[in-house]
A.B. asks: 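Handing you a structure now.
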Amino acid sequence: MQKVVIHSPGGYDKLCLEQHPAPEMKDDSVRVKIAFAGINYADITVRWGIYESAKKFIGWPITPGFEFSGVVLESTNDQFQAGDEVFGITLFGGYSSEIVVPAHQLYKKPNSLSFSEAAAFPAVFMTAYHALFQNIVVRPGMKVMIHSAAGGVGSSLVQLCKQAKLDVTGVVGRSDKVAIVKELGADHVIDKQTQDLWQQARSICPEGFDIILDANGVETLGDSYKNLRPTGKLVCYGFHTMLPKQGGKINWLKLAINFLKTPRFSPLKMTTDNKSVVTFNLSFLFDRMDLLGEAMQAMLPMLERQEIKVAKVTEYLASDVGKAHADLESGKTVGKLVLKF
Ligand SMILES: NC(=O)c1ccc[n+]([C@@H]2O[C@H](COP(=O)([O-])OP(=O)(O)OC[C@H]3O[C@@H](n4cnc5c(N)ncnc54)[C@H](OP(=O)(O)O)[C@@H]3O)[C@@H](O)[C@H]2O)c1
């Protein structure tokens with residue numbers, strides 16, 4: 001079998017497509033021949049050696065990848081049989097042509113989804129679902145701001161918010177993303193390339209937002225908090241603006257400065273402001289399959305009814321994994337990127 005292996009942290013040249021023996025079968029597990037593996041922004045930070053759960057649970061060498069789709073080769077669990085079309089999640093190891101995973105991390109692929117769409121679905125939609133419905137209370141009519149709204153998680157958040165009847169303001173970094181976010185159902189879109197983000201935000205929602213979903217980190221976190229109304233929730237789930245957009249290498253000085261500039265929130269001030277900061281990282285929640293499974297069980301019918309859809313998917317050959325990382329790193333992509341095995 002083939003897999004992408006990173007032996008030490010660094011640039012795109014660290015992503016090595018290698019031949020390895022097939023993984024051994026285990027109890028209550030399923031062997032899947034992978035068709036596509038989903039690519040997530042976190043995979044880039046795994047390659048850089050700064051992703052905490054990768055360091056904690058795997059170390060080096062590591063094969064990135066949280067999600068995949070494919071066909072069952074063999075199963076020691078009654079619910080799956082050879083030939084079943086499936087998709088699933090994994091705590092790393094997804095960038096492979098074959099994988100063995102516990103049966104509870106696997107789902108039957110809906111007929112309405114292609115294999116590439118199925119590989120693109122779980123991580124971003126589970127993140128969006130967990131952020132909105134397992135961390136905070138949402139009520140119809142609430143005003144929500146979603147940063148990076150055309151991206152993988154962002155496009156999932158826009159759709160889930162509209163399903164919950166929220167008023168959505170999507171924020172994008174490039175004008176060519178505006179139409180995509182409108183098409184996903186956003187009520188307002190702020191284009192940071194041509195507009196002043198916070199001036200626009202105040203004109204759309206002068207009283208402040210009920211919820212702001214922010215994975216930018218240092219660039220917007222402070223202003224996101226300021227632009228909440230009392231009772232507002234800032235959901236902080238990533239920090240990508242402290243990282244480079246090109247070249248594939250970390251600028252450690254910039255990273256250290258941005259780390260120091262990242263706002264710290266005081267519980268004393270949050271209490272009198274009546275505002276809260278909520279954070280999470282799903283890769284540390286793989287032992288909470290009650291939550292992750294609940295998210296998937298809630299979303300699969302929505303997917304079948306086409307109330308939500310996988311946003312635009314761009315396919316790359318496994319041998320072009322470096323190009324895929326460079327593209328996602330650039331901040332220019334929309335929707336999801338997947339690797340074909
Ligand atoms: N906590 C969790 O459990 C969890 C789970 C999944 C993902 N995440 C986080 O969610 C965020 C989105 O992940 P994703 O996989 O869906 O990626 P993505 O949103 O498809 O791509 C990242 C987007 O972030 C924006 N961006 C701003 N500054 C950037 C920079 N310096 N480098 C790269 N992108 C930059 C760009 O959009 P605009 O310019 O349009 O803003 C870019 O398109 C990431 O921060 C990721 O780590 C967290």
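Everything numeric here is computed off the predicted structure, so don't read it as measured data. Order of listing sets the numbers, starting from 1, for every ligand and every atom in it.
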A.B. asks: Apart from Val100 itself, what residues make up its hydrophobic cluster, given side-chain heavy atom links below 4.5 Å?
C.D. replies: Met25

A.B. asks: For Ala120, what residues pass the side chain to side chain contact (heavy atoms under 4.5 Å, CB included) criterion, not counting sequence neighbours?
C.D. replies: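 Partners of Ala120 under the side chain to side chain contact (heavy atoms under 4.5 Å, CB included) test: Val310, Val313, Lys336, Val338.
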
A.B. asks: For Leu73, which fellow cluster members are found when Ile, Leu, Val, Met, Phe, Trp and Tyr are connected by side-chain heavy-atom distances below 4.5 angstrom, either directly or through intermediates?
C.D. replies: none

A.B. asks: Over 60° means perpendicular and under 30° means parallel, so tell me whether His130 and Phe280 are parallel, tilted or perpendicular.
C.D. replies: perpendicular

A.B. asks: For the residue pair Phe92 and Phe66, categorise the inter-ring angle as parallel (less than 30°), tilted (30 to 60°) or perpendicular (more than 60°).
C.D. replies: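 Ring orientation, 0 to 90° scale: tilted.
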
A.B. asks: Could you list each N/O atom of ligand 1 together with any protein N/O atom closer than 3.5 Å, one pair per line with the distance?
C.D. replies:
| unit_1 | atom_1 | unit_2 | atom_2 | d |
| --- | --- | --- | --- | --- |
| ligand 1 | 1 (N) | Tyr237 | O | 2.9 |
| ligand 1 | 1 (N) | Phe280 | O | 2.9 |
| ligand 1 | 3 (O) | Leu282 | N | 2.7 |
| ligand 1 | 15 (O) | Tyr41 | N | 2.8 |
| ligand 1 | 16 (O) | Gly152 | N | 3.3 |
| ligand 1 | 16 (O) | Val153 | N | 2.8 |
| ligand 1 | 20 (O) | Gly152 | N | 2.9 |
| ligand 1 | 24 (O) | Ser148 | OG | 3.4 |
| ligand 1 | 24 (O) | His240 | NE2 | 3.1 |
| ligand 1 | 31 (N) | His240 | O | 3.0 |
| ligand 1 | 31 (N) | Leu243 | O | 2.9 |
| ligand 1 | 37 (O) | Lys177 | NZ | 3.1 |
| ligand 1 | 40 (O) | Gly173 | N | 2.8 |
| ligand 1 | 40 (O) | Lys177 | NZ | 2.9 |
| ligand 1 | 41 (O) | Ser148 | OG | 2.8 |
| ligand 1 | 43 (O) | Lys177 | NZ | 3.2 |
| ligand 1 | 43 (O) | Gly331 | O | 3.3 |
| ligand 1 | 45 (O) | His240 | ND1 | 2.8 |

A.B. asks: Can you label the angle between the Phe284 ring and the Phe57 ring as parallel, tilted or perpendicular, going by 30° and 60°?
C.D. replies: tilted

